[in-house]
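We count residues from 1, following the sequence as given.
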Amino acid sequence: MKYYYVVLLLAFVGSTGIKAQSKAKTPAKLLKKIYQLVETQQFDKLKNYLYQGSVKHLSDTPKGQDHTIGDMIIEGIKNKKDQPHDFGYNAHNLKLIIDKHLDKIKPIPQDLKEKGFGDKNREFGRFPDLYAIAKKRPKNIYLFQHKQVAIIMVKFKKKGVKLVFWENLGAISKANDLSQD
């Protein structure tokens, strides 16, 4: 009977450890994990690190589409959209951010928070959970902004930090060369 409780305890501790591994505690750890999962093409695991807000209910979403922001990010990664684009991806640029520019991740400034999350008609304010975080815990919204690249990450109480949006990560141009400072 003692062994039964030991096995149960080990199973519980083991499953707790697995859940803890599927969330990032900081924006820097989030970007590192995303890079690692993309490089190994583990897209199912990657979903755990992406915001899963449904775009089905948004008025500017074409009828019949039932996907999430996370799906849009993965689509951008798989299609390697190397042009100025929302959700476009370039591994080289993400690696440069991780290696050289993590210090540029800051809580989102008030003016940009208001612009993107300020009311329920704004781009990200249309998602009730993001709107609530912007109102109650605005320091949990992080922004990386350098050259033309912008990345928005949000820290949820129980889910950890999630990638909500990136733009121009795939753009490689003279104006967007993250290796040049």
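Distance check, rounded to the nearest 0.5 Å: NZ of K139 to NZ of K106 gives 12.0 Å. Taking CG from N90 and CD1 from I97, the interatomic distance works out to 9.5 Å, rounded to the nearest 0.5 Å. To the nearest 0.5 Å, atoms CD1 (I151) and CD (Q145) are separated by 10.5 Å. A distance of 6.0 Å separates CZ in F144 from NE2 in H101, rounded to the nearest 0.5 Å. The NZ atom of K23 sits 9.0 Å away from atom NZ of K155, with the distance rounded to the nearest 0.5 Å. Here the CD1 atom belonging to I152 is positioned 8.0 Å from the CD1 atom belonging to I141, to the nearest 0.5 angstrom.
Looking only at side-chain heavy atoms (C-beta outward), I77 and L46 come within less than 4.5 Å of each other. Put simply, the side chain of D71 does not reach to within 4.5 Å of the side chain of L50, judged on heavy atoms. For the pair I74/K47, a side-chain contact is recorded, criterion being any heavy-atom separation below 4.5 Å from C-beta on. The shortest side-chain heavy-atom distance between R137 and K157 falls under the 4.5 Å cut-off. The side-chain heavy atoms of K32 and L102, taken from C-beta on, include a pair separated by under 4.5 Å. V154 places none of its side-chain heavy atoms less than 4.5 Å from the side chain of F124. Here the side chains of L30 and Y142 are not in contact, with every heavy-atom distance at 4.5 Å or above. At a threshold of 4.5 Å between non-hydrogen side-chain atoms, the residues W166 and V149 do not count as touching.
Of all non-hydrogen atoms in L143 and P109, the two that sit nearest each other are CD2-CD, 3.9 Å.
Judged by the 6.0 Å distance and 45° axis criteria, K95 is positioned over the aromatic ring of Y35.
Shown here is K113, whose NZ atom has more than 12 heavy atoms of other residues, nucleotides or ligands within 6.0 Å.
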Under 3.5 Å, which donor-acceptor pairs link side chains of residues 127-135 to any protein atom two or more places apart or in another chain?
unit_1	atom_1	unit_2	atom_2	d
D129	OD1	Y51	OH	2.5
D129	OD2	Y51	OH	3.3
K135	NZ	G118	O	3.2

